[in-house]
Visitor: 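Here's a structure for you.
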Amino acid sequence: MHDINFIRNNPDNFDKFLKLRFLKPHSKKILDLDKSKRVILTSSQDLRSQRKNISSQFASSQDSEKLKLQEEVHLIKEQIDSLEKKLFIIDEEIHLILSSLPNLPDPEVPVGKDEDSNKLIKTIGEIPSFDFNPLAHYDLGENLQMMDFDQAAKVSGSRFVYLKNDFARLERSIANFMLDKHTTDFGYTEVNPPNLVKDAAAFGTGQLPKFSDDLFKTNSDHWLIPTAEVPLTNLHLETITNEKKLPARYTAWTSCYRLEAGSAGRDTRGMIRQHQFSKVELVSLVKPEESNDELERMLNCATSILNDLKLSYRVMLLSSGDMGFSAKKTYDIEVWLPSESKYREISSCSNCGDFQARRMNAKYKSTDGNVYLHTLNGSGLAVGRTLIAIVENYQNKDGSITVPDVLVPYMGGKKTICLK
RNA sequence: GGAGAGAUGGCAGAGCGGUUGAACGCAUCAGUCUUGAAAACUGACAAGGGUGCAAGCCCUUCCUGGGUUCGAAUCCCAGUCUCUCCGCCA
């Protein structure tokens with residue numbers, strides 16, 4: 001949500017930022033609406049003031065005058081009603097525009113329409129070489145009889161999978177390893193949040209009103225969370241947080257549910273893109289002046305997982321056109337997948353500034369008043385895709401999978417996954 | 001699903017048609033006292049918005065949305081959520 005005061009004071013600047021997102025100027029339209037709103041608002045407030053005055057005289061008036069006062073108020077009320085009807089319509093229009101425009105990019109963000117303009121920040125690890133032809137995760141998984149796409153298709157349709165046996169445990173091990181690391185080493189508070197949320201929460205993080213097509217909706221008017229970012233960030237929905245509780249850092253391992261309506265035909269094979277996948281999410285709520293540093297810290301928390309797993313990856317700074325709706329700056333972490341011979345996204349870490357906090361009215365009490373928090377979120381990491389990366393990068397010629405050292409304790413001491 | 005109770009400021013909790021934006025308390029902040037702290041005492045302390053150079057003035061908000069009334073935190077209707085008991089159930 002954008003700050004109307006910022007637009008009033010910097011209309012040209014606002015439009016310039018929108019242009020970086022390849023959007024047309026909006027300030028003129030917004031300010032015209034805002035101006036007419038304020039004219040109407042002022043006169044309706046004057047009328048309300050008059051009405052109050054008359055009412056306060058009522059008790060001390062003669063009976064003969066009371067009738068007259070009643071009539072006066074009646075007339076004023078009609079005018080107020082008509083003005084406030086107009087006001088409501090204008091307000092709705094302003095709100096819809098303000099809540100449908102994406103966050104303004106940080107000055108450091110490279111300008112460009114899509115991922116081609118993303119900026120490489122760093123590359124870590126060697127691209128692994130194999131003395132045999134490495135298989136894709138779905139072939140490895142099916143050969144081991146630990147991934148079942150066919151039965152999942154019968155039961156649930158496309159973009160679902162059954163993980164079985166050691167793969168099911170591997171997924172659990174990965175998630176536990178990540179949670180342990182984030183809570184113990186990095187001070188995040190573990191949370192097991194609701195997986196179904198109401199409109200207000202989905203609006204708060206920016207999924208609504210524009211992106212309802214990406215979400216599953218229940219017949220009880222709940223939304224299935226597309227990421228734990230939604231319930232974690234909304235831990236501060238309509239809340240004034242005590243300064244002493246900042247920075248607030250939360251992590252959660254949840255399933256994520258996405259309709260993938262816009263991705264028909266993309267990544268249909270394997271478990272890269274599923275309607276349901278699990279992810280360990282990181283969310284921070286911090287004071288405004290701390291959010292830049294917090295983003296770097298969060299990125300470091302996420303990449304440390306890949307370092308420990310000894311997977312090769314690179315970090316990209318997303319371009320203005322490739323960033324998500326609520327973000328003002330985003331790093332993507334991409335892990336190397338041998339079967340595709342390329343890096344694929346495994347985490348996205350974003351600083352949203354006060355954009356989400358405005359939508360959910362999340363503030364903290366500072367010495368000079370209540371201030372909107374800054375919110376950040378990042379995958380730490382996508383568990384399904386981490387499993388893919390491990391399976392493909394740790395595969396052996398005989399089709400078995402070596403368990404990464406740090407996961408061996410979580411796998412009950414097992415060092416290799418092979419056909420039973 | 002059935003019966004009942006409730007929703008008020010950061011928290012707790014009065015008020016149940018007319019200076020009530022809201023008592024008392026806790027928390028917080030500032031000050032006095034103190035070498036310092038504690039205690040005690042004094043004072044400040046809801047949010048959002050409009051208007052104005054400013055001081056200020058004004059409007060809205062006591063869960064949400066309607067309604068009654070000259071006037072609503074207070075009365076009526078609908079909804080949401082919470083709690084208690086019964087039933088069902090992982």
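Proteins get letters first, then strands, A, B, ... in listed order; numbering begins at 1 in each. Predicted, not measured: the structure shown is a model, and the values here were computed from it. Computation of the quantities below employed the complete heavy-atom set of this structure, encompassing side-chain atoms and omitting hydrogens, waters and symmetry-equivalent molecules.
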Visitor: Give the nucleotide from the list B/U51, B/U80, B/G18 with an atom nearest to the side chain of A/R38.
Guide: B/U51
Visitor: If you look only at distance, which donor and acceptor atoms sit under 3.5 Å apart when one is on a side chain in residues 316-324 of chain A and the other is two or more places apart or in another chain?
Guide:
unit_1	atom_1	unit_2	atom_2	d
A/S319	OG	A/G112	O	3.4
A/S319	OG	A/D114	O	2.9
A/S319	OG	A/N118	OD1	3.4
A/S320	OG	A/L20	O	2.7
A/S320	OG	A/G112	N	3.2
A/S320	OG	A/G112	O	3.4
A/D322	OD2	A/N118	ND2	3.1

Visitor: In whole Å, I'd like the distance from the CZ atom of A/R358 to the P atom of B/G48.
Guide: 11 Å
Visitor: For B/C76 versus B/U84, give the span between their P atoms, rounded off to a whole number of Å.
Guide: 26 Å
Visitor: If the C1' atom of B/A30 is compared with that of B/A7, how far apart are they to the nearest Å?
Guide: 34 Å
Visitor: Would you say the rings of A/F160 and A/H275 are close, in the sense that their centroids are separated by under 6.0 Å?
Guide: yes
Visitor: Residues two or more places apart in sequence or in another chain: which of them pass side-chain hydrogen bond (donor to acceptor under 3.5 Å, both in side chains) with A/T251?
Guide: none
Visitor: Take atom P in B/U61 and the same atom in B/C29, then report the distance between them in whole Å.
Guide: 33 Å
Visitor: Applying salt bridge (Lys or Arg N to Asp or Glu O under 4.0 Å), which residue pairs with at least one partner in residues 27-37 of chain A are found, sequence neighbours left out?
Guide: A/R8-A/D34, A/K28-A/D32, A/K29-A/E93, A/D34-A/R38, A/K37-A/D91
Visitor: For A/H95 and B/G48, give me the distance from atom NE2 to atom P, rounded to whole Å.
Guide: 16 Å
Visitor: Are A/D354 and A/K328 within salt-bridge range, i.e. N to O under 4.0 Å?
Guide: no
Visitor: Could you give the NZ-to-C1' distance, from A/K363 to B/G10, as a whole number of Å?
Guide: 14 Å
Visitor: Map A/Y372 and A/V39 onto RNA chain B by nearest heavy atom, then report which one ends up closer to the 5' terminus.
Guide: A/Y372
Visitor: Taking the six-membered ring where the residue is Trp, are the ring centres of A/F325 and A/F211 under 6.0 Å apart?
Guide: yes
Visitor: Base, sugar-phosphate or nothing for A/K68? Non-hydrogen atoms, less than 4.0 Å.
Guide: nothing
Visitor: Hey, can you pull the donor-acceptor pairs under 3.5 Å for the side chains in residues 193-209 of chain A, sequence neighbours left out?
Guide:
unit_1	atom_1	unit_2	atom_2	d
A/N195	ND2	A/P193	O	3.1
A/D199	OD1	A/W223	NE1	2.6
A/T205	OG1	A/A201	O	3.2
A/T205	OG1	A/Q207	OE1	2.6

Visitor: Determine the Euclidean distance between corresponding C1' atoms of B/G1 and B/C88; express it in Å to zero decimal places.
Guide: 8 Å
Visitor: Only pairs under 3.5 Å count here: list side-chain donor-acceptor contacts from residues 407-420 of chain A, not counting sequence neighbours, and write none if there are none.
Guide:
unit_1	atom_1	unit_2	atom_2	d
A/Y410	OH	A/D180	OD2	2.6
A/K414	NZ	A/D166	OD1	3.3
A/K414	NZ	A/D166	OD2	2.9

Visitor: Using the P atom as the reference point in each nucleotide, state the distance between B/C11 and B/A27 in Å, no decimals.
Guide: 15 Å
Visitor: Determine the minimum heavy-atom distance between A/P11 and A/L31, stating which atoms define it.
Guide: CB-CD1, 3.8 Å
Visitor: Output the rounded distance in Å from CG (A/D199) to P (B/G79).
Guide: 18 Å
Visitor: Write down the distance separating the P atoms in B/G65 and B/U8, rounded off to the nearest Å.
Guide: 16 Å
Visitor: Test A/D267 against every option in A/R159, A/Q274, A/R344 by the side-chain hydrogen bond (donor to acceptor under 3.5 Å, both in side chains) rule and name the one that passes.
Guide: A/R344
Visitor: On RNA chain B, check which nucleotide each of A/K66 and A/D34 is closest to and give me the residue with the more 5' one.
Guide: A/D34
Visitor: What's the spacing between A/I346 CD1 and A/E334 CD if we round to 0.5 Å?
Guide: 10.5 Å
Visitor: Suppose we screen for side-chain hydrogen bond (donor to acceptor under 3.5 Å, both in side chains). Which residues come up paired with A/D398, at least two apart in sequence or across chains?
Guide: A/S400
Visitor: Would you mind reading off the distance between A/Q57 atom CD and B/U19 atom P, rounded to a whole angstrom?
Guide: 15 Å
Visitor: Is there any side chain to side chain donor-acceptor pair (under 3.5 Å) pair reaching into residues 283-306 of chain A, and which pairs are they, with sequence neighbours excluded?
Guide: A/E243-A/K287, A/R249-A/E294, A/S284-A/E294, A/S291-A/N351, A/S291-A/H374, A/E296-A/Y331
Visitor: Provide, to the nearest angstrom, the distance between the NZ atom belonging to A/K365 and the P atom belonging to B/G10.
Guide: 7 Å
Visitor: Is RNA chain B part of any stem, that is, at least 3 consecutive Watson-Crick or G-U pairs with both distances under 3.5 Å, and where?
Guide: B:1-7 with B:80-86, B:28-32 with B:40-44, B:46-51 with B:56-61, B:63-67 with B:75-79
Visitor: Nearest of B/G18, B/U51, B/C81 to any side-chain atom of A/T42?
Guide: B/U51
Visitor: Mind listing the residues from residues 69-86 of chain A sitting with a heavy atom below 4.0 Å of RNA chain B? Number order is fine.
Guide: A/Q70, A/V73, A/K77
Visitor: What does nucleotides 57-66 of chain B look like as a protein-contact string, B for base, S for sugar-phosphate only, - for none, at under 4.0 angstrom between heavy atoms?
Guide: -SBS------
Visitor: Heavy atoms within less than 4.0 Å of RNA chain B: which residues of residues 230-250 of chain A have one? Give them sorted by number.
Guide: A/I240
Visitor: Going by side chain to side chain contact (heavy atoms under 4.5 Å, CB included), A/N396 matches just one of A/L140, A/I401, A/T402. Which one?
Guide: A/T402
Visitor: Using whole Å, report how far NZ of A/K35 lies from P of B/U51.
Guide: 11 Å
Visitor: My understanding is that only residues two or more places apart in sequence, or in another chain, count here; which of them pass side-chain contact (heavy atoms from CB on, under 4.5 Å) with A/R48?
Guide: A/R51, A/I80, A/E84
Visitor: Please measure how far the P atom in B/C62 lies from the corresponding atom in B/C83, and state the result in whole Å.
Guide: 24 Å
Visitor: Write down the distance between CZ (A/F58) and P (B/U19), rounded to a whole number of angstrom.
Guide: 15 Å
Visitor: Between B/G6 and B/A14, how far is it from one P atom to the other, in whole Å?
Guide: 12 Å
Visitor: Would you mind telling me which of A/S348, A/C352, A/C349 makes a side chain to side chain contact (heavy atoms under 4.5 Å, CB included) with A/N377?
Guide: A/C352
Visitor: Where the side chain of A/R8 is defined as all heavy atoms beyond and including C-beta, which of B/G50, B/C70, B/U80 is the nearest nucleotide?
Guide: B/G50
